[in-house]
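Structure record follows, encoded as structure tokens.
First the proteins, then the strands, lettered A, B, ... as listed; each starts at 1. These numbers were taken from a predicted model, which means no experiment stands behind them.
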Amino acid sequence: MQKLIDRIRELLADGTVARVLGWRTGDLPYNPEPAYFECEEELQDFVYNGFCGANLSKYMIEASRLEGKTLVCLKPCDTYSFNQLLKEHRVDREKAYIIGVGCKGKLDIEKIKKQGIKGIESISGAEIEEAAESLTIQTIYGEKTCAYKDAMLERCHVCKGKEHQIYDELIGDSSDTTDADRFAQVRRIEAMSPQEKFAFFQNELSKCIRCNACRNVCPACSCRKCVFDSTKFDSSQKANADSFEEKMFHIIRAFHVAGRCTDCGECSRVCPQGIPLHLFNRKFIKDINELYGEYQAGEDITADTPLTHFTFGDAEPSIVGERG
Amino acid sequence: MQRIGVFVCHCGSNIAATVDVKKVVEMALLEPGVVHAEDYQYMCSEAGQAKIAAAIREKHLTGIVVCSCSPRMHETTFRKAAERAGLNPYMVEIANIREHCSWIHKDMEEATKKAVILARAAIAKVNLNTPLKPGESRVTKRALVIGGGIAGIQTALDIADAGYEVDIVEKTPSIGGRMSQLDKTFPTLDCSACILTPKMVEAAAHEKIKIYTYSEVEKVSGFVGDFTVDIRKKARSVDMDKCTGCGVCQEKCPSRKTPSEFNRGLNTRSAIYTPFAQAIPNVPVIDREHCIKFQTGKCGVCAKVCQAGAIDYGQKDEIVTEKYGAIVVATGFDTIKLDNYDEYAYSQSKDVITSLELERIMNAAGPTKGHLERLSDGKAPKEMVFIQCVGSRCSDNRGKSYCSKICCMYTAKHAMLIRDKYPDVNVTVFYIDVRTPGKNFDEFYRRAVEQYGVNYIKGQVGKVAPQPDGRLLVQASDLLDNRQIKMEADMVVLATAIEPNPDVRKIATMLTASIDTNNFLTEAHAKLRPVESPTAGIFLSGVCQGPKDIPETVEQAGAAAVKAIGLLAKDKLLTNPCTAQSDILLCNGCSTCANVCPYGAITYEDKEVNDHGIRETRRVAVVNSALCQGCGACTVACPSGAMDLQGFSNRQIIAEVDAICR
């Protein structure tokens, strides 16, 4: 991390960048938050560790309108989101100085807590330099340990790989942390009967409190004015009127990001209710892969997107209809 | 607030017998905005239209809903009636309570309930309608015909004779199509080439017709009256201006092993070739895949022997871009592949052939110079079996569900010709039904049976098994005598089903013309608009629309030409005002809409916007309403809902849905 901070300090000092988009320490040992840093002093709070899961690419939409370049720290998976935004003309490449930061999997505090580890005072092993096998957690009840792998975010188990898709320079090493099948749970749901599926989603989505965190964090949900906030569509006042519309919010959102979602997993990470929202997106991604060929949003910004580019090889609507 | 009038039509008893029209009137009066409602026996009649006009004037209506038949029937009628009474025609909505309701329901109570709901939805929509004004677009007075078979040639000739320019695009090196491969034609038995080639020559010589052979349509943009088409002229490797058509190159070409497409692969051709003797243009092409020069770099014989110096190995594909007002599809057909019909031993024996292959064998210019002989050993057959409906009228998924329509007649023709020329050959035809409607058709078939002694057996063939002696064992059932038949044959001819040319899918997609599950192009109305595609400005000619014989093809070709001429005769067309519009305050500038727009109507501009006091320059979508056809693809692709279709706005659609669900 020191190397990263040194380099940031240098770029800020020589005027290459006007500000830095990174993470600063939060009020708890495990909740660093996205932040702008505009001067040397502010950098004191700069942090980059295993809890820095937040994908900063979406902030570049606003940063692209600011004067001067913004240095943005992107993990390998974040660069897919940045690319997708670039493809959609939402961010300005010229306004970004991208440091591709190393990543060996990001941590999920909920998973640590689920292991019965409470009253956390500090956590070591989440630093980026050493590839710690396990985390050492000081709690008010004494020292606890937890395997790094067991504390990883769900999305890191289906890592998109250690390569940054776009960057100006790279600092730190990354590793591919894949150890699970990305579509295993989608397949399990597909195998359910319609009633079981309905019950599953009914149960999950009934937890929704419409805090909009999923939408606000999603790099694909970056409309200037969301249809759910707009008075133009008679949809804003309907939100959350009943359990049906609560479900509709998530289903409409999944449709809106279909073909553009990079599967960054932020929606599920930020959901305070722990709803596995990424499953909707994965179902779409799986279907797109099967019907139109393998496609990873944000991988190649010059590639044709499967849902908006017609090819003669596209599956006929009847085929799509038959398979359900 | 709108002042809406609702007019409920009885359509004689078509609607009134199943829908309680008085109830619909009563319920409509309860809807918001409705100030007038009445019912009448025939709303589309003069008297019915007069009622609408009177109500518009007297009650100062700002919008009307007509509960009647499909808008495809009378929307224009009612729009015009409203316009005459001073109302904007786009303030008229139709609730289809006939096709969508009375015709498909039996129970009056249920049907009435549905009619009320449909009326309610239309009323909800009219409440949000705004007056719209159509624009004008010009008509390019030139037609494109895709396909140079008899259908395409006839259409082109008819359009050209009316004084309009026509271009024919033909994929193969010559025009002529399937008909040029046929030997004789039913029911008069005149030689196919003898009646086709004069048409080909006429088309080639016509000052209004331009023929692009060895060319394909690559891209189509634009819309009715103003299509822009890219035509790929494939590299012929022969200079069309220099070539004299002497044919020496073809004689000397050392690569002679390529199966001849024209002779259905029954013999071979040279790598530089014209498909057949009467080809138009009489200029060969080099098949680069089989040319030694192109494959190894060493040869060049054709260039050496060409006196005219016409051979040009360096020729490249050329893209020609042309504008057209109308496009006629005449892409024709091919026979189906017989992979699913192994029981007929087509792939195992050379003596099992398709009917189209028999045409080539019977033809003097064919692989056997017109002698009927077995392709395996060259011996004259003594016993011939014809199997009907191979892949046609198929109830499983192996073949086609439809009747190929031409097989009964051409099989009678083949049987008759064989019996006439080779009286010692026995001919047996296995059929499901013999279908011979058409002028002089049944007489023709009866002549085959009665005069020429062709043995027709009603029954299907189960298996054709090649025997060690080279003959073919045919196992069949005779349904009329209820017995199993085992007979030996020297040759078996399969009346193979026809299917649309496989390229039609690609062409239909480019033209946004619809096709059915069998890949036949769909007509706008099965009975009343049989030569028009549902896509304006696209017309259908020949088998691309459905199986048909030559007389029918020529008829349809003429009909398609008339429709195209009717369009080309107009100087201006009124454009649909229901086009998309972008709300620049909502637009993200993401380009999704431009990617999905089939008409290239959307561009992006940097525009100064004032978003509630925030002034900034944003990249936003701009719709060219002259190009927009109102398909609505952009409105559903737009993630922020910035794109909206006038006359079918998101709010209007949602209002309709809400009204239905209420």
Review point. Is B:Asp611 salt-bridged to B:Arg618, going by a charged N under 4.0 Å from an acidic O?
Key: yes
Review point. Are A:Asp229 and A:Arg224 within salt-bridge range, i.e. N to O under 4.0 Å?
Key: no
Review point. Without hydrogens or angle criteria, can the side chains of A:Ser81 and A:Asp78 be said to hold a donor-acceptor pair below 3.5 Å?
Key: no
**Study point:** B:Tyr90, OH atom: more than 12 neighbouring heavy atoms under 6.0 Å
**Key:** yes
Study note, to complete from the structure: Okay, A:Arg90 and chain B: the region with an atom under 4.5 Å from a heavy atom over there is side chain
Exercise for review: Please look at B:Cys587 and chain A and tell me whether the side chain, the backbone, both or neither of the residue comes under 4.5 angstrom of a heavy atom of that chain.
Suggested key: backbone
Exercise for review: Give a yes-or-no answer on whether the side chains of B:Thr635 and B:Asp644 include a donor-acceptor pair shorter than 3.5 Å.
Suggested key: no
Review point. Where on A:Phe255 is there a heavy atom nearer than 4.5 Å to chain B: the side chain, the backbone, both, or neither?
Key: neither
Review point. In terms of heavy-atom pairs under 4.5 Å with chain A, which of B:Thr592, B:Val596, B:Thr509 leads?
Key: B:Thr509
Check your understanding: Taking every heavy-atom pair that is under 4.5 Å apart, which of B:Cys638, B:Gly641, B:Pro598 has the most such pairs with chain A?
Key -> B:Gly641
**Study point:** Region of B:Ala633 in contact with chain A, defined by heavy-atom distances below 4.5 Å
**Key:** neither
